[in-house]
2 protein chains.
Amino acid sequence: MDKHSLLIDTSIRLFHEKGFHGTPTSLIAKEAGVANGTLFQYFPSKENLIVEAYISIKEEMANELKINKESNANIIDQMKDVFTSSLTWALAHPLKFDFLQQFYNSPYHHKLKEQTIKKYDQTHLDLIQEAIEQGAIRSLPANLVYALISSHTYGLYQYLRVASHDQRKKVIDTGFELLMKMLT
Amino acid sequence: MDKHSLLIDTSIRLFHEKGFHGTPTSLIAKEAGVANGTLFQYFPSKENLIVEAYISIKEEMANELKINKESNANIIDQMKDVFTSSLTWALAHPLKFDFLQQFYNSPYHHKLKEQTIKKYDQTHLDLIQEAIEQGAIRSLPANLVYALISSHTYGLYQYLRVASHDQRKKVIDTGFELLMKMLT
DNA sequence: ATATTGATTGACTAATCAGTCATAAAAGTA
DNA sequence: TACTTTTATGACTGATTAGTCAATCAATAT
């Protein structure tokens, strides 16, 4: 594993444990097994490291979801695929998923360019827009539907994180049925 | 306004702007118009101040919702009342509502006693449990329903915070209808 | 008026941290 | 090997911070 990725992974873990400002760069370097100064060869500043960590997770997630999304033709099946993949990914990478929330609710998020934020939403918004136009889900503002689906996913994640693992698949299916009952 | 409340209100604003560790206690004291040392007479440590700020918001919210909840007999009306009041309160106090999210996604939240967290959930869980027993909403684990309602509320909040204000009442009503469509 | 009490002050300290930089090690090249 | 380039190191620094504490102030009581 290259030092860039190693530093980002270590950062995500430590930021989650101790918060952004509660984690000194010296500790990140130490836990990643590199010298203090090395960190600043890969990232010009701590803030840059935090933002890069966020972007790397968003990229990773976007790549995972893209693969699972191409095959289906039916738009509801596509939505179910995205929904299921998102939840499965989140439950498989709780540290990273929690980091996204932590970042989103921090002052660093406001420093991102509008464009960067939109970049990762656009694919989902397009899918929702198409589903509305096809009449597959009820006619509401796409942004509202996106907010409702995202938070529904997040709510299920919160529940499943502490619930017993063997019911996960069933609860995810039920969760999607509930979502569709609401949106159609 | 007494200094205790003044310091908490100032903290909430600054923590939201600059994050927990990004806000020095000296700045909180300065903006609250008291001396550095005075802050530590009201709060033994910065961590204590952060936790007290969280608890004060939870208390305030609990008190607001309690008042609006007593009158109705019909359980669906009660739920609608809690839902509407929660959203209205959140939209009227976005700084405080955002602080709750920020706190929840920070390492400080893990330091709270289990009991303290449950304290503010219990009333809502009881209401949900009763609604399930009465058959007013479908039979699902109360914790799951709670997670779904909470996140649904949060999703609507996120949408309404940026949407135009004059549609708020209508969107909140629609939001509750959607929620009930899902849960019945 | 004087004394007593408790709240308030802000200069101070010991510790911590982000970022630098001169030096060294490693890798690449001929 | 001998030389060059790239990467890594960690001691160091200037700046910042949480928390302290001796001194001051305000309010009330005697």
Side-chain angles (χ1 to χ4, degrees), chain A residues 1-57 95 99 102-103 105-113 116, chain B residues 1-57 99 102-103 105-113:
Chain A
M1 198 176 207
D2 63 12
K3 291 198 171 63
H4 185 96
S5 309
L6 186 63
L7 283 165
I8 283 186
D9 276 17
T10 309
S11 297
I12 291 167
R13 178 169 56 80
L14 289 171
F15 288 150
H16 183 254
E17 274 173 35
K18 298 160 172 284
F20 293 128
H21 290 265
T23 307
T25 52
S26 55
L27 184 63
I28 297 167
K30 193 180 166 189
E31 298 251 326
V34 301
N36 215 324
T38 306
L39 186 149
F40 288 94
Q41 287 205 324
Y42 289 89
F43 305 95
S45 69
K46 187 181 178 180
E47 181 173 326
N48 179 270
L49 169 59
I50 293 169
V51 172
E52 287 295 319
Y54 172 78
I55 289 175
S56 87
I57 294 175
L95 221 67
F99 178 92
Q102 189 184 359
F103 183 87
N105 290 289
S106 81
Y108 294 105
H109 186 257
H110 305 301
K111 290 181 181 169
L112 284 183
K113 293 177 207 149
T116 311
Chain B
M1 198 176 207
D2 64 8
K3 291 198 170 63
H4 186 96
S5 309
L6 185 64
L7 283 164
I8 283 186
D9 275 18
T10 308
S11 297
I12 290 167
R13 178 168 57 79
L14 289 171
F15 288 150
H16 183 254
E17 274 171 35
K18 297 158 172 287
F20 293 128
H21 289 266
T23 307
T25 53
S26 56
L27 183 63
I28 297 168
K30 193 180 165 188
E31 299 250 327
V34 302
N36 217 323
T38 306
L39 187 149
F40 289 94
Q41 286 207 323
Y42 288 89
F43 306 96
S45 71
K46 189 180 177 181
E47 180 173 325
N48 178 269
L49 168 60
I50 293 169
V51 172
E52 288 294 319
Y54 172 77
I55 289 175
S56 87
I57 295 175
F99 178 92
Q102 189 184 0
F103 184 87
N105 290 289
S106 80
Y108 295 104
H109 187 257
H110 306 302
K111 290 181 182 169
L112 284 183
K113 291 178 208 148

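Within every chain, numbering begins at 1; the chains are lettered A, B, ... in the order of the sequence lines, protein sequences first and strands thereafter. Reckoned from all heavy atoms, side chains included, excluding hydrogens, waters and symmetry mates.
- The stretch residues 6-13 of chain A does not touch DNA chain D, since none of its heavy atoms comes less than 4.0 Å from the strand.
- For B:T10 (side chain) and B:L6 (main-chain N/O), a donor-acceptor pair under 3.5 Å exists by modelled atom type.
- Looking at residues two or more places apart in sequence or on another chain, you find no side chain to side chain contact (heavy atoms under 4.5 Å, CB included) involving B:P107.
- Annotation for B:F103 and B:H109: closest pair O-CB, 3.4 Å, computed over non-hydrogen atoms.
- Contacts between residues 21-32 of chain A and DNA chain D, defined by a heavy-atom separation under 4.0 Å, are absent.
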Check the interface with nucleotides 10-13 of chain D: list each N/O to N/O pair with the protein under 3.5 Å, or write none.
residue: D:dG10; atom: N7; partner: A:G37; partner atom: N; Å: 3.2

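- Take A:T116 and apply the side chain to side chain donor-acceptor pair (under 3.5 Å) test, not counting sequence neighbours, and it matches no residue.
- The outermost nucleotides of DNA chain C lying under 4.0 Å from heavy atoms of chain A, listed 5' to 3', are C:dC17 to C:dT20.
- Contact between B:I8 and B:A53 at its shortest, heavy atoms only, is CG2-CA, 3.9 Å.
- Rounding to the nearest 0.5 angstrom, the gap separating the CG atom in A:L14 from the CG atom in A:L95 is 9.5 Å.
- Annotation: side chain to side chain donor-acceptor pair (under 3.5 Å) contacts of B:H21 (sequence neighbours excluded): B:Y108.
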Could you pull out every donor-acceptor pair under 3.5 Å between side chains of residues 39-49 of chain A and any protein atom, sequence neighbours left out?
residue: A:S45; atom: OG; partner: A:N48; partner atom: N; Å: 3.1
residue: A:K46; atom: NZ; partner: A:F20; partner atom: O; Å: 3.0
residue: A:K46; atom: NZ; partner: A:T23; partner atom: O; Å: 2.8
residue: A:E47; atom: OE1; partner: A:K111; partner atom: NZ; Å: 3.4

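- For residues 18-29 of chain A, no residue pair satisfies the salt bridge (Lys or Arg N to Asp or Glu O under 4.0 Å) rule, not counting sequence neighbours.
- Rounded to whole angstrom, the span from the NZ atom of A:K3 across to the P atom of D:dT6 amounts to 17 Å.
- Atom CG in B:N36 sits 5.5 Å away from atom OG in B:S26 (nearest 0.5 Å).
- Contacts classified as salt bridge (Lys or Arg N to Asp or Glu O under 4.0 Å) and involving residues 1-11 of chain A (residues at least two apart or in different chains) are not found.
- Of the residues in residues 41-57 of chain A, those with a non-hydrogen atom less than 4.0 angstrom from any atom of DNA chain C are A:S45, A:K46.
- Legend: residues meeting side chain to side chain donor-acceptor pair (under 3.5 Å) with B:E31, ordered by chain and number and at least two apart, are B:R13.
- Across all non-hydrogen atoms, the minimal contact from B:F99 to B:F15 is CE1-CD1, 3.7 Å.
- Closest of all the heavy-atom pairs between B:A29 and B:L7 is CA-CD2, 4.5 Å.
- Taking CD1 of B:I28 as the reference point, atom CD1 of B:I12 lies at 10.5 Å (rounded to 0.5 Å).
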